[in-house]
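Structure, as structure tokens:
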Amino acid sequence: MTIETTVATGDDRRHATQSHEPRSPVILMTPDISEAPGVPTETEYVVRANYADAIAEAGGIPLILPYNTENLTSALALADGIVLTGARPGTEVTGARRRFEIQLIEQALKTGKPLLGICHGMQLIGECLGGKFRTELPAAAISHIPQGIPDVLAHEITVEPDSVLTNWVGKGPARVNSLHRHALAGHGRFRVAARAPDGTIEAFEGETDGFCLGIQWHPEYRLTELDRNIMRAFVGRSADAAARKARNVSSAGSNRVRERLAQLELALPEASSPPGAFSGAVRTGNIITVSGQVPLKDGTVLQTGHLGGEVSIEKGRECARWALLNGLAQLEAAAGGFGNILGFVRLAGYVAADAAFERHGAVVDGASELLRELFPDRWAHARIAIGVTSLPRGVPVEVELTAVVGDEA
């Protein structure tokens, strides 16, 4: 038996450390801005820590989104959900923030990104959906600014019976904190979900393609189970969006591989049933091992014989390619799509050859080179080429493959 070991190199990405744990949804938060008069280099983005804490507690990954419209499309591609936060107590939202957030809302609504607006964020989303911004609150017995920090419950709200909030309120009257001097009024592409005793809109559900919820109070303080349920529901919808995105990426990845196959005038065969008491591929954690595959084309052995005898090196390379194609069919089925494949660990090639034959690596190159053409950004793999006296069904080449995959969609 002859053994040749090599390492196929390419893009230096390393995939062995990739986690196969489900990815938490990425939530972008719009901050306020703190300007240092006369010292523009010291301007700061500001967002209260409890916004991030509430998102993290609900299972999300909170990130601050700067006011950069040039990279807005890229930022939205990264995001699974968006929170428009409230303004700092006693301050008005700057024109720069308002203009940026309007663009953000418009693009988020077009793409169906889950949106949660809190206090000012709720009012601005409501405006974008056709509502009216009201600068004065009605004169009433309740105060919407009972104190400078909204860390206590301030007043009751009436939840509409058909709103999403009804499942989150629990028993008894719902009470919320409060810290606002403006409000949303009028009608638009939203349904009022809750009102204060003076009629002020306290929550709405957007009549939009994606999840869209506006909350006038501050659920990030998590004073009640309703507050926590709001944050959980929003992060949960964002996680659903992340899962859909992963499925779309997987489908797109499979399509790209098939497009490259078509350019090579090849096609992926159907994954065949193993001819014995074993599986075609087995997944352990984020590693998939594909059992040895022989060169089958349309379910028929492509070639029999030995290298160094009746089989030429070029014929051997073709057999290696078809053995790999059969292996990729098994891998796609086990991974849930080529888009879930992060990279490759090892390709093993077995070459049936005469004793004097020495070019086993040149034969197995047929498989390695095809892998590089189909997965140009993640093809790098270790390899072994082994010379043997015979292989199942009399074929000249058999290939096995090990890959690293992400989470199944």
Side-chain angles (χ1 to χ4, degrees), residues 25 27 50-51 54-55 57-60 80-86 105 108-109 112-132 134 137-138 140-142 144 146 150-180 183-241 243:
I27 309 298
N50 58 1
Y51 281 107
I55 291 167
E57 181 183 279
D80 301 308
I82 297 164
V83 173
L84 273 76
T85 66
I105 293 166
L109 290 173
K113 293 286 183 183
L115 268 174
L116 174 62
I118 294 175
C119 197
H120 150 77
M122 173 263 206
Q123 297 161 10
L124 191 59
I125 295 173
E127 277 191 81
C128 291
L129 294 176
K132 301 297 182 183
R134 191 166 69 185
L137 297 174
I142 69 167
H144 290 278
D151 57 356
V152 296
L153 298 177
H155 61 75
E156 291 187 3
I157 58 170
T158 300
V159 175
E160 296 297 325
D162 60 343
S163 82
V164 68
L165 298 184
T166 56
N167 298 323
W168 305 339
V169 170
K171 296 180 180 180
R175 292 183 61 81
V176 298
N177 58 7
S178 185
L179 187 68
H180 65 103
L184 177 69
H187 305 280
R189 289 193 297 129
F190 58 83
R191 290 181 292 111
V192 174
R195 292 184 184 273
D198 61 4
T200 298
I201 298 174
E202 289 285 334
F204 71 75
E205 300 170 49
E207 294 178 334
T208 57
D209 293 335
F211 179 86
C212 180
L213 185 64
I215 302 295
Q216 182 60 77
W217 69 93
H218 287 269
E220 73 276 12
Y221 280 82
R222 291 156 288 161
L223 299 179
T224 66
E225 195 61 21
L226 172 59
D227 291 343
R228 285 189 163 84
N229 284 337
I230 287 169
M231 302 307 298
R232 290 179 193 134
F234 166 69
V235 172
R237 293 296 186 91
S238 300
D240 292 342

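- Side-chain atoms of Arg228 come within 3.5 Å of backbone atoms of Arg222 as a donor-acceptor pair (strictly under, hydrogens ignored).
- Here the closest non-hydrogen pair linking Val235 and Gly59 is CG1-C, 3.7 Å.
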Identify each donor-acceptor pair in which a side-chain atom of residues 113-125 lies under 3.5 Å from a protein atom, sequence neighbours left out, and give them as a table.
unit_1, atom_1, unit_2, atom_2, d
Lys113, NZ, Leu76, O, 2.9
Lys113, NZ, Ala79, O, 2.6
His120, NE2, Glu101, OE1, 2.6
Gln123, NE2, His182, O, 3.1
Gln123, NE2, Gln216, OE1, 3.1

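- Rounding to the nearest 0.5 Å gives a distance of 7.0 Å between CD1 of Ile215 and CG of Leu226.
- Between atom OG1 of residue Thr224 and atom CG of residue Leu153 there is a gap of 6.5 Å, rounded to the nearest 0.5 Å.
- Residue pairs meeting the salt bridge (Lys or Arg N to Asp or Glu O under 4.0 Å) criterion with at least one partner in residues 150-167, sequence neighbours excluded, do not occur; the list is empty.
- For His155, there are no side-chain hydrogen bond (donor to acceptor under 3.5 Å, both in side chains) partners at least two apart in sequence or on another chain.
- Of the possible donor and acceptor atoms, one in the side chain of Asn229 sits under 3.5 Å from a partner among the backbone N and O of Trp168.
- With sequence neighbours excluded, no residue satisfies side-chain hydrogen bond (donor to acceptor under 3.5 Å, both in side chains) with Arg195.
- For the atom pair CD1 (Ile27) and CG (Asp80), the distance works out to 6.5 Å, reported to the nearest 0.5 Å.
- Atom CZ of residue Arg134 and atom CD1 of residue Ile201 lie 8.0 Å apart, to the nearest 0.5 angstrom.
- For the salt bridge (Lys or Arg N to Asp or Glu O under 4.0 Å) test, no residue two or more places apart in sequence or in another chain qualifies with Arg237.
- Remark: Thr85 pairs with Arg97 by the side-chain hydrogen bond (donor to acceptor under 3.5 Å, both in side chains) rule, at least two apart or across chains.
- For residues 199-209, the side-chain hydrogen bond (donor to acceptor under 3.5 Å, both in side chains) pairs, not counting sequence neighbours, are Arg191-Glu205, Asp198-Thr200.
- In terms of heavy-atom proximity, Pro150 sits nearest to Leu223 at O-CD1, 3.9 Å.
- In terms of heavy atoms, Pro146 sits closest to Ala154 at CG-CB, 3.7 Å.
- Listed by chain and number, the residues in a side-chain contact (heavy atoms from CB on, under 4.5 Å) with Thr166 are Val159, Ser163 (sequence neighbours excluded).
- A ring-ring contact (aromatic ring centres under 6.0 Å, His included) check over residues 193-224, counting only residues at least two apart or in different chains, returns the pairs Phe190-Phe204.
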For Leu129 and Cys212: C-alpha separation, side-chain torsions, deciding distance, then whether side-chain contact (heavy atoms from CB on, under 4.5 Å) applies.
CA-CA 11 Å; Leu129 294 176; Cys212 180; 4.2 Å; yes

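- Looking at every heavy atom in both residues, Leu165 comes nearest to Ala194 through CD1-CB, 4.0 Å.
- Partners of Glu225 under the side-chain hydrogen bond (donor to acceptor under 3.5 Å, both in side chains) rule, at least two apart in sequence or in another chain, are Arg232.
- Residue Pro219 comes nearest to Asp227 through the heavy atom pair O-CB, 3.5 Å, listed as atom of the first residue, atom of the second, then distance.
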